[in-house]
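Let me begin by presenting the structure, written as structure tokens, before commenting on it.
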Amino acid sequence: MVAVDTAATPVARPHAVDLALRWVPRLAVLGLLGYLLLVRMPADEKYAPIYADAAIYAIVGLSLNIVTGYTGQLSLGHNGFFGIGAFAAAYSLTVQHVPFAVTFVLAGLSGAVFALVMGMVALRITGLYLALITLVFGLTLEDSLFEVSWLTNAGAGQPANRPEWLFSETRFFYFCLAFLVVAVYLDFVLLRTKTGRALLALKENERVAEAFGINVTAFKLFAFVLSGTLAGVAGALYAYRIGIVTASGLGFNLALTFVLLTVVGGLGSRLGVVLGGLLFASLDFVLHDTWVHNVNDFVFAFQNAPQFAVGFIGALGLILTIVRYPGGIGQQIRPLTRLLVGGQRSLHADDGGPAAVEGSNVRA
Amino acid sequence: MSAEVLALDVVAPAVSGFIQGSVYGLLGLGLVLLYKSNRIFNFAQAEFGGVAAFVWIFFDTGRGVLPNLPTPVAVLLGILAAVLVALLTERLVVRPLFNAPKITVVVATAGVLLLLIAVEGFLYGGEAGSFPAIFSGDAVNSGAIRVTNQGVAIVVVLAVLSILAALFFSRSPFGTAILAVSQEATAARLVGISVERISALTWGIAGFLAGVAGILLAGTIGLAAPGSLTGLALVPAFTAAVFGGVTSLPGALVGGIVIGIIESEAQALIPKENLPGAGKVALFVALLLVLLVRPAGLLGKET
Amino acid sequence: MPRSPARVLALSLIAVTALAACGLKPEVKDQLAQGNLNGAGALGGTTGGDSTGTGTTGTSSGTTGTSGTSGTSGTSGTSGSSGTSGTTGTSGTSGTSGTSGTSGVPGAPQPGAGTTTGIDFKNKVIHIALHGPLTGAGVPQSSFTSGTPKYWKNHTLANGFKIDAVAIDDKYNAADALRACNAAADDKFLIVGGAGTDQISACAQSPKLRRLHVPYLSAGVTEAGLGNISTYFASSLTYKQQAPLLVRLAKDRGYFGKKWAVVITGTPNFKDAREAMVSELQRNGAKGKSGAFNAGNDVYLTDKAPSNCSTLATQIRGGGYEVIYFLGQPSFFAQCVGSIGNIPINPVYTGPGPSFGISSVITLACAANSSYQGFYLHPSPSWNQRAKYGAPADLTDDIELGIWGAMQQLNEAFDLVKGPLSRESFTAALAQATLRGGVFSPVSYAGGSRFGGSAAYANAADCSQRLSNTVGVYRR
């Protein structure tokens, strides 16, 4: 026994040391980041709402990523699905007195139904025209459905009060985080399955995909429905996050924000999209309530409209991303994630595979 | 239906829709041009007009350190600003993406739109300002039906510009070059046409058209905030362009007027209690129908 | 493709986000530290401000203190003392300074007695917030920001405390208003609703504000849903209460017998205003398009923030209306004044007190129609008569004057509190009170109603001076 032991150690020890050397610093950094981002900062009721927003944005980003990043259909109307989810949750809870948990199901369902309709449109209309029609879809909903009296109090707002156990902003953040984790997991599973590969094939070339026996119609609809469901649920979270849903705030700007965070985050990159969500959720706070406001005030000293700083930086980020760095944040931090998590265990869909974040993704 | 009701509910909205639609047509014209030369949609088109309107009002009122210039000069500067912004967009955003998929360029123009709104906000302080009509007074005023001189001017401008555009594309070498590039870029290059120069020229023209449209529209509605011209006119302008299959210049003009009337009538005839935002819904339905039934447009013919 | 600058960009963006807390600007740091100031000055409290712990009622003062300590975890132990002083004020040196210094003065705040969020005992400052459409209403509203602190520059409460009043942005939108109010509930003692019916309604009904007992005051707007909210107080006449006064004003100014149109925002929060005005017009035999005033034909509902007035203008012009009661978004109003024009009819505009400034609306309206004329009821007199009502000369417009009046009334309310000041004692004192007012008319909540306004000023808009003039006072 002893002999075996001593014989084994010379081989095992360097391996263990190696492993430890590789993983202890990584785990330490990851742990510290995780502690800061997920425990320390959200513990403050003042910051928790920003983190909740980030989680909600990230879910929408993932939702948009399925349609745009994976299957290559540009949707500029995700504010529509999101808003429908938000109003469905608020209306069913406040007017119909549906149980809290059920409102999420209803929100997801309503998002899915509208996305199905949009998906059917996308079967006939593609490319630029699809981008246009989705944009008009979102804008039209903002002015029509979101102004309907019984559903939205004519746009003045439908209240959506959280149950008592969710009053704490910190707790609500973890509630949103749980949804985000589920969404990330769903997305992860999706790409590992045949369905995911079929969706990616759709983006590369629909006709080739069809020739390989992929049912383009079914998968396109599936992508839209899944995306709409996620956006609808995110809308419900948004409703409870604010406490009231109004038509203004669900319009054109929101649609563009969703596209911004997904593209800047990095189409096709899961981690990138989540970070994009965090970036755009916190931009307002960072620009106006931290030391950054000094820079902000200095740079834009000639103006008195600080509310435009977010749009300005977002727009610059978008244009820069598209023109110079098409992979977005997801690609730029790839070396870092590789360093931390290792190549094989990357959070990304697949390094170098069809889902890689190289130029082809944004330029699908 | 009595004559009074007819005048109030049908004729009056048609008149204001016709005028509003002329502006849509002007913007649609620019969209068609850009589609013909670059095969893209420009989401920033209406906001080029917004830039023109803000620059015009800056100089017309002598805001801040700016000199207070006579209105025609201020208007000219506004239009120039729109042209400049369009040219910059072409140079800095569109040209680097010449070989990128078109959908990427479209997202980039949405970025330009956001950027322009932010810049207008910085310059103007973010809230609506009043934009006086350049041509004051009424041409027709019978109570229900009112046509302002500004409205007449819009229609006249549209007519003049469309005749000029027709002459430009049929007579001038630049016009035919643009058409050549739009139909076969490689062949055009072979015969010595610079695709880059043509692209810049097209964007300049589109910026000019948007600038004219923006100044006229801002003066008509009287108030505008950063981004409000996009909210008001971008979707109708696209619908107008799609009416003509996005390739026909006369199609965009006629489409603009038709769209303007449809939107205005829907707003007037369908009460808000029954369907809020009836004008927008009508536009959406019209756009969807055209795209589903006749993707080549109602007047779709490459001209 | 150059990769390294891109990485630097991406990393710095993330770093900026992550490090947000480390570089908070001083004001925010102060606000965050407020949570700890329940007992006394939290010396080293940086970001650990525990705002919920203090937000409970005064009964559990012991818990407040302990959660104060937990909130400051991460900093030095010095701030631990602030937690203990949160108990009853007996322990801790700073706690006693709160009582001994001002003992005997009615309304002096004491640590631990009721909810005292927003009271800085060390510096003797009470933090309050006023929400208004700093952006988003479509007309420039910088006066909300500039006007909010003006009154308190040279006024101090009877108990010796100063008031720090800041304006927060509700973006003219109920969702953003609620977001702003809920955030303010964590570090402000009370909240004042500056303008905007839907926004005021959303904040007043906020479950968080009610749970934390945050007193909420606003100019009178709607009555729907606000009547039985214990923390809400309307500091002037509601739209509904103004309806009969408006008819009286119309009769006095000679425009009652003309043809009326009512243009009003179509959300449920305006329903009571609409119904009151319609029934008042019908009861007095007003004329509309079809002879007697007709609730269907002569009332036009508008969107909350409509983009284009052409349809509405056509209807008004076609119907030959001569008087237009308008209650809606200011920039839309200015647009309609232009679209409706003055030929062949130059209508008279009227309405209940827009809580937005009449001055800025007039500026836009006169630009659109140089012969524009209007008569309005308003909680405060016109700006050019401010001296007559004791307001200082440095107020720049009627929004500032209105805020000044609201703050003057608030000062009176604060001084009514007997015993230690807390959110609960403030609400209790105000619920029984009758306030003299000053710029604002007297107001009385003694009858149990929270809509205690008594009178409104009639202000006439004059395009030649680009100003309004007070032409009378109308009492209930």
Side-chain angles (χ1 to χ4, degrees), chain A residues 68 72-74 76 121 124-125 127-133 135-137 139-149 152 154-155 247 251-253 256 259-260 263 300 302-324 326 359-360 362-364, chain B residues 35 39-41 43 64 89 92-94 96-97 99-127 226-227 230-231 234-235 238-239 241-242 246 272-273 275-285 287-288 291-292 295:
Chain A
T68 306
Q73 322 276 318
L74 180 62
L76 295 172
V121 170
R124 286 287 308 261
I125 301 170
L128 296 181
Y129 292 96
L130 181 65
L132 178 61
I133 199 81
L135 175 80
V136 181
F137 164 77
L139 287 176
T140 307
L141 281 192
E142 183 201 357
D143 274 12
S144 56
L145 188 65
F146 297 170
E147 294 277 347
V148 165
S149 182
T152 73
F252 185 57
N253 259 326
L256 286 186
V259 174
L260 281 181
V263 173
F300 303 121
F302 55 89
Q303 50 85 24
N304 50 355
Q307 73 270 29
F308 287 96
V310 173
F312 184 79
I313 287 177
L316 268 188
L318 178 75
I319 295 171
L320 265 180
T321 304
I322 290 176
V323 177
R324 302 301 299 270
S360 81
V362 182
R363 303 181 167 180
Chain B
Y35 186 79
R39 295 281 151 187
I40 60 151
F41 288 167
F43 281 127
T89 306
L92 299 177
V93 179
V94 177
L97 296 173
N99 297 316
K102 299 309 175 196
I103 207 89
T104 307
V105 190
V106 171
V107 176
T109 64
V112 172
L113 159 65
L114 275 181
L115 198 66
L116 292 181
I117 292 176
V119 169
E120 287 168 15
F122 288 145
L123 296 175
Y124 205 69
E127 294 300 332
T230 292
L234 184 67
V235 169
F238 265 117
T239 315
V242 168
V246 217
K272 185 179 142 45
E273 299 88 302
L275 178 68
K280 285 261 172 71
V281 175
L283 284 183
F284 178 64
V285 172
L287 182 64
L288 196 60
L291 286 180
L292 286 176

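Chain naming here is simple, since letters A, B, ... match the order of the sequence lines and numbering starts at 1 in each. This structure is a prediction, so every number in the text was calculated from the model and none was measured.
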Under a 4.5 Å cut-off applied to non-hydrogen side-chain atoms, are [X] and [Y] in contact?
X      : Y      : answer
A:L256 : B:L113 : yes
A:I322 : B:V107 : yes
B:V119 : A:F308 : no

Point-to-point distance, once rounded to the nearest 0.5 Å, from [atom1] of [X] to [atom2] of [Y]:
X      : Y      : atom1 : atom2 : answer
B:I103 : A:T68  : CD1   : OG1   : 8.5 Å
B:L288 : A:T140 : CG    : OG1   : 10.0 Å
B:I117 : A:F252 : CD1   : CZ    : 6.0 Å
B:L116 : A:F312 : CG    : CZ    : 10.5 Å
B:L115 : A:L318 : CG    : CG    : 10.0 Å

Part of [X] within contact of chain B (heavy atom distance under 4.5 Å):
X      : value
A:L260 : side chain
A:F137 : both
A:V259 : side chain
A:L128 : both
A:L145 : neither
A:I319 : side chain

Exercise. So what's closer than 4.5 Å to chain A heavy atoms on B:V281: side chain, backbone, both or neither?
Worked result: both
Seminar exercise, completed: For A:A315 and B:G111, the nearest pair of non-hydrogen atoms, with its separation, is CB-O, 3.4 Å
Problem set entry | ring-ring contact (aromatic ring centres under 6.0 Å, His included) partners of B:F41, counting only residues at least two apart | A:Y129, B:Y35, B:F238
Problem set entry | Choice from B:A108, B:G231, B:A118, B:A110 maximising heavy atom contacts with chain A below 4.5 Å | B:A118
Exercise. Got a sec, which residues hit side chain to side chain donor-acceptor pair (under 3.5 Å) with B:T230, two or more places apart in sequence or on another chain?
Worked result: B:E47
Seminar exercise, completed: In terms of heavy-atom pairs under 4.5 Å with chain B, the winner among A:L130, A:L74, A:L132 is A:L132
